[in-house]
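Read the structure below first, then the notes.
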Number of protein chains: 2
Amino acid sequence: MPRQVDHQARRRQIADALLRIVDREGLEGVSLRHVAAEAGVSMGSVQHYFATKDQMMIFALIHVHERIYQRVNACLDPRSPRDLVRSAIIEMLPLDDERRTEARIALAFLARSAVDPEYAATLREGYPYHAVFFAEQIRRAQQNGEAPADLVPEQEAVILFAITQGLVNPTLIGHHTEETVIDALDRHLDRVFPSE
Amino acid sequence: MPRQVDHQARRRQIADALLRIVDREGLEGVSLRHVAAEAGVSMGSVQHYFATKDQMMIFALIHVHERIYQRVNACLDPRSPRDLVRSAIIEMLPLDDERRTEARIALAFLARSAVDPEYAATLREGYPYHAVFFAEQIRRAQQNGEAPADLVPEQEAVILFAITQGLVNPTLIGHHTEETVIDALDRHLDRVFPSE
DNA sequence: AAGATTACAATGCACCTGCATCGTAAAAGC
DNA sequence: GCTTTTACGATGCAGGTGCATTGTAATCTT
């Protein structure tokens with residue numbers, strides 16, 4: 001059995017187990033023993049692939065971000081800048097079990113970032129991408145006449161991203177229905193990308 | 001010393017110590033011993049005022065929400081609906097140490113709410129207030145001709161609240177400067193409450 | 001074939017956790 | 001004045017924690 005295993009794949013598999021625990025119990029539920037049990041391996045094995053618990057957590061954080069990134073990318077609707085933005089935002093909202101899971105996980109790590117600079121640094125790396133993506137779509141729409149020329153793309157991107165993030169948590173806690181949140185989103189998109 | 005203490009005041013004092021720990025280390029840093037040490041009392045004393053750790057945490061959650069509520073209320077600018085909304089939102093953004101502290105604390109409890117129904121229920125109680133407040137101000141502005149009549153106040157309130165929440169976390173992690181976030185906010189307020 | 005390396009497993013250890021128990025001293029009630 | 005109640009302090013306990021250590025068997029290297 002030894003020597004022939006795919007190191008990275010094994011690390012991802014352990015990270016997936018870790019993320020399942022975070023989904024159910026939050027970061028506090030994560031312990032070497034629980035992760036090992038959830039992954040169906042021994043504790044020694046977990047220790048073999050991750051020198052410390054913190055390294056494992058950071059790896060899992062990066063891993064889940066990649067997962068979200070790929071899922072969002074696969075769901076993009078390229079018909080227009082507005083559709084691109086809308087599909088990206090909706091794909092980040094917790095409107096089904098998979099997205100609720102990921103939202104819960106992301107929220108848990110976000111809270112940790114508020115008190116741990118290493119987590120915060122990891123989060124900050126992936127951040128500019130969203131703002132740039134939104135700003136780019138707005139600029140494209142402006143060139144096509146699909147968005148008002150007086151909008152400042154970067155400012156609107158900040159607002160769009162804030163709305164996205166700001167809709168996630170209340171929806172997760174159960175404040176909003178799917179209809180409420182999508183209506184509100186479309187309402188705002190009407191302003192940035194007017195239909196007529 | 002016994003028998004003559006103000007029970008509620010003592011509980012708040014212990015809760016304040018707890019919240020200081022949450023600010024520095026997150027919810028994971030909270031233990032009976034740490035809270036006792038931070039409050040300058042014995043562990044037995046903490047146990048005397050709170051039967052379980054969970055009760056203490058929930059009490060602290062309610063306590064910090066009251067604190068935020070009162071601070072925001074004290075800072076409201078009543079000159080116009082727009083000023084009211086703007087001052088309320090700005091007071092909730094982490095733009096100085098006090099507000100950063102409260103934002104960190106609120107975020108920590110929010111993350112817990114995602115995996116613990118009791119916390120979620122507590123959060124949900126305080127929630128409708130914001131939406132109603134925002135919607136009310138928009139309706140008032142519409143009556144004064146300070147806001148477009150075709151806005152649906154409840155929808156705009158959802159968006160406003162999402163923007164508020166959505167601006168908090170990126171700012172906390174260090175993605176936005178104070179200027180960026182206030183510019184973006186004013187940009188959006190221009191749409192809901194046009195100046196001319 | 002031999003030895004080094006890798007993958008995993010089991011266990012021990014010091015430390016921390018929430019909570020229960022027990023003790024004590026001061027005030028309140030009678 | 002005596003008992004009860006309240007406020008607090010100290011300590012014990014079972015269980016969980018991350019991590020280090022040790023062992024072992026399978027594979028790769030030579």
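Quick note on labels: first sequence line is chain A, next is B, and so on, each numbered from 1. Atom set for the values below is all heavy atoms of this structure, side chains included, hydrogens, waters and symmetry mates excluded.
With rounding to whole Å, Q13(B) atom CD is found 9 Å from dC8(D) atom P. Between the OH atom of Y49(A) and the C1' atom of dC19(D) there is a distance of 19 Å, rounded to whole Å. As rounded to whole Å, 8 Å separates atom P of dT17(D) from atom NZ of K53(A). Distance, F50(A) CZ to dC8(C) P: 12 Å, rounded to whole Å. Q47(B) places its CD atom 15 Å from the C1' atom of dG23(C), with the value rounded to the nearest Å. When rounded to the nearest whole Å, the span between CG of L27(A) and C1' of dT17(D) equals 16 Å. The CG atom of L32(B) sits 16 Å away from the C1' atom of dA14(D) (whole-angstrom rounding).
Using a 30° and 60° split on the angle between ring planes, Y69(B) and Y129(B) fall in the perpendicular class, above 60°. The aromatic rings of H48(B) and H7(B) sit perpendicular to each other, their planes meeting at more than 60°, with 30° as the lower class boundary. Ring planes of H175(B) and Y127(A): parallel class, angle under 30° (limits at 30 and 60°).
Contact between the side-chain N/O atoms of S45(A) and the OP1/OP2 oxygens of dA7(C) is not found at any separation under 4.0 Å. Checking the phosphate oxygens (OP1, OP2) of dC8(C), no side-chain nitrogen or oxygen of H48(A) falls inside 4.0 Å.
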Would you check, one step at a time, whether the test salt bridge (Lys or Arg N to Asp or Glu O under 4.0 Å) holds for E156(A) with R191(B)? CA-CA 12 Å; E156(A) 299 300 329; R191(B) 285 189 285 247; 3.0 Å; yes
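Toward the 5′ end of DNA chain C lies the nearest nucleotide of H7(A), the other residue of the pair M43(A) and H7(A) mapping further downstream. Comparing G44(A) and H34(A) along DNA chain D, the residue whose closest nucleotide (by nearest heavy atom) sits nearer the 5' end is H34(A).
Among the atoms of the strands shown, base atoms are found under 4.0 Å from some heavy atom of S42(B). Using a 4.0 Å heavy-atom distance criterion, V30(A) is classed as a sugar-phosphate-only contact.
Proximity note for R10(B) (side chain, C-beta onward) versus dC8(D), dA20(C), dC19(D): the nearest is dC8(D).
Side-chain polar atoms of Q142(A) and R139(A) form no donor-acceptor pair below 3.5 angstrom.
On a pure distance criterion of 3.5 Å, no polar donor-acceptor pair joins the side chain of R33(A) and the base of dG16(D).
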